[in-house]
Amino acid sequence: MGRKGLKTKDKHIKNLARIVGDRSILHHKEDLLAYDCDGFTIHKYLPKAVVFPKDTLEVARLVNYCSDNGLPFLARGAGTGLSGGAIPVNGEVVISLVKMKKLLSVDYENRRAVVEPGFVNLKLTNSISDKGYYYAPDPSSQYCCTIGGNVAENAGGAHCLKYGVTTNHILGLEVVLPNGEIIEIGNNGVPDAPGYDLLGLITGSEGTLGIVTKITVRILKNPEAKQTVLAYFNDVSDGSHAVSDIISAGIVPAALEMMDKTAIEGVEAAAFPVGHPRDIEALLLIEVDGISAGIDEQISQILDVCKNRNVREVKVAQDEAERARWWANRKTGFGAMGAISPDYLVQDGVIPRSRLPEVLNRINQISEESGLRIANIFHAGDGNLHPLVLFDARIPGQTELAIAAGSACLQACADVGGTITGEHGVGIEKREEMRFVFTDEEIQAQTDIREVFNPGNLLNAGKLFPSPGRCAEVKKEIKEAAL
């Protein structure tokens, strides 16, 4: 890093280098290009510099320097975020946490582990699997996303239906506040601790309240047994109703995923095809786990539900290899869209399960109205939808059309009592869509909390919340007039 050295007259670059070392800072334009966006690539901005601290103290010193000198800054993990949360829209100093990638400790007796923020999600499960344990949150990018980034976005995953999202597995955090102060929050799993739920506040705050430098997570014992079902439907509505019927039957699968015809076309054209019929309208991938004695009965009930909803074909994975193929096919679903479209925009809304047929029908209407194909790959069991708007950025106007179509999909979610994100966060992508679900007063209450932690608004400014609404502006005018 920093192959051209520190040939610069910028005093801030020189001072930042004194904190992390000359080989742990990037400041030349050609080096910064790799950090101008995250997984949300529609908007790109160059940072002022990228620094690579090796520990919490260096993070604190960097934050303190930026704060004292009025330099905007933000934290970045693997850059896999899908809402622009790590994009340096204000020319920030990017504090990359990739060097802080240690598994610090594992306590099997109390079922917890301590990791640094740059530790890769899947690596935790791989590190403890020989002892019969795993880490439950499993976003599709788990092979490369970091746990620090998961905390920032409150990441979910295919198995969050039964096991919950990231916040349900965080026991403690070490955080560098925007003034450089280091605090520890959480009680390492001791229940009913007094005081405010600061863990819940920081988790999912999208890097706007502090920089997480150490994470204590809950680890789980591997289930005794698991089985996976693949069901094909000729009609999306039948598949959608089957989702609700399975939950209504009292079954809580570990995962209940759905893909429509366009999504199936993509995954079958990409790296892990499994031979899905190309003429089906939808498939369900259903997994149950737990005590061996109850698994067969749950599978039998699921098969009956699918048959009652006119399933064309339903089958149970015969071995672990087949199960792994099915899941590899599903988990590469987003990236697979590149096999059938030059560009795509991933959306992330949540709806009540019972409104699934209605909302999917509306998304199909949005596709027809916009003239853009929309593939649906999603966590059907908990109503977390992922419409993928397919477009070609080389065609003038198509990017803007895709953005408008994505926003319309989120409006459809909000209209039925849902919300605009389940796991990808708001970032810069959905700031204005926050108005679909919050009033100006509610948004102001949340930004008031941000002001307590981040009064100078130097940390990841311009993310998560829309520009102030008229209500907030009027309040400010009244306050200023009173003074």
Side-chain angles (χ1 to χ4, degrees), residues 136 138 156-164 222-261 263-264 267-268 274-331 333 350-361 363-364 376-386 416:
D138 62 337
H159 290 80
C160 66
L161 171 60
K162 181 175 181 178
Y163 292 103
N222 286 334
E224 186 177 299
K226 65 177 66 171
Q227 288 195 41
T228 307
V229 171
L230 185 58
Y232 297 130
F233 293 87
N234 292 323
D235 187 273
V236 172
S237 180
D238 284 334
S240 300
H241 284 297
V243 171
S244 293
D245 290 350
I246 289 168
I247 304 299
S248 297
I251 303 168
V252 182
L256 207 177
E257 302 289 286
M258 188 171 184
M259 289 193 284
D260 70 3
K261 186 174 184 177
I264 292 165
V267 297
E268 286 299 290
V274 297
H276 300 312
R278 297 299 182 91
D279 61 332
I280 60 165
E281 294 296 324
L283 69 76
L284 295 181
L285 183 61
I286 311 158
E287 186 158 283
V288 294
D289 65 15
I291 300 171
S292 298
I295 294 291
D296 288 342
E297 182 179 350
Q298 291 184 66
I299 292 295
S300 178
Q301 287 181 279
I302 289 170
L303 296 179
D304 287 342
V305 165
C306 291
K307 291 172 184 176
N308 289 336
R309 285 296 178 179
N310 305 311
V311 70
R312 178 200 289 189
E313 180 185 2
V314 60
K315 52 188 177 182
V316 180
Q318 295 303 300
D319 51 38
E320 179 57 28
E322 185 170 43
R323 172 186 171 274
R325 284 197 302 274
W326 291 354
W327 275 112
N329 178 270
R330 162 60 186 92
K331 291 233 171 186
V350 183
I351 62 169
R353 272 189 305 269
S354 60
R355 309 299 289 272
L356 186 55
E358 172 187 347
V359 173
L360 288 178
N361 183 58
I363 291 173
N364 185 57
N376 290 286
I377 304 177
F378 55 96
H379 313 310
D382 52 3
N384 187 187
L385 306 185
H386 294 310
V416 298

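What you see is a predicted model, and the numbers here were worked out from it, not measured in a lab.
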*Could you go through the side chain to side chain contact (heavy atoms under 4.5 Å, CB included) check for W326 and E287 one step at a time?*
CA-CA 11 Å; W326 291 354; E287 186 158 283; over 6 Å; no
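Nearest heavy-atom pair across L285 and R330 is CD2-CB, 3.9 Å. Closest of all the heavy-atom pairs between L230 and H276 is CD2-CE1, 3.7 Å. Counting all heavy atoms, side chain and backbone alike, S240 lies closest to P357 at CB-CG, 3.6 Å. What you find for V267 and G333 is that their closest heavy atoms are CG1-CA, 3.7 Å. The nearest pair of heavy atoms linking L284 to A242 is CD1-CB, 4.0 Å. Shown here for A380 and V243, the closest heavy-atom pair between the two residues is O-CG1, 3.5 Å.
In summary, the side chains of D289 and H159 do not present any donor paired with an acceptor at a separation below 3.5 Å, with no hydrogens or angles considered.
R309 pairs in a side-chain hydrogen bond (donor to acceptor under 3.5 Å, both in side chains) with only one of the listed residues (D235, D245, D238), which is D245.
Q318 places a side-chain N or O within 3.5 Å of a backbone atom of V316 that can act as its donor or acceptor partner. A distance-only check finds no donor-acceptor pair linking the side chain of K331 to the backbone of A158 [under 3.5 Å]. In this structure, D260 contributes its side chain and N376 its backbone to a donor-acceptor pair below 3.5 Å.
By the 4.5 Å heavy-atom criterion applied to side chains, Y232 and L283 are counted as neighbours. Inter-residue side-chain proximity for L356 and S244 is flagged as unmet; no heavy-atom pair is nearer than 4.5 Å. Here the side chains of L256 and R353 are not in contact, with every heavy-atom distance at 4.5 Å or above.
Distance check, rounded to the nearest 0.5 Å: NE2 of H379 to CE of M258 gives 14.0 Å.
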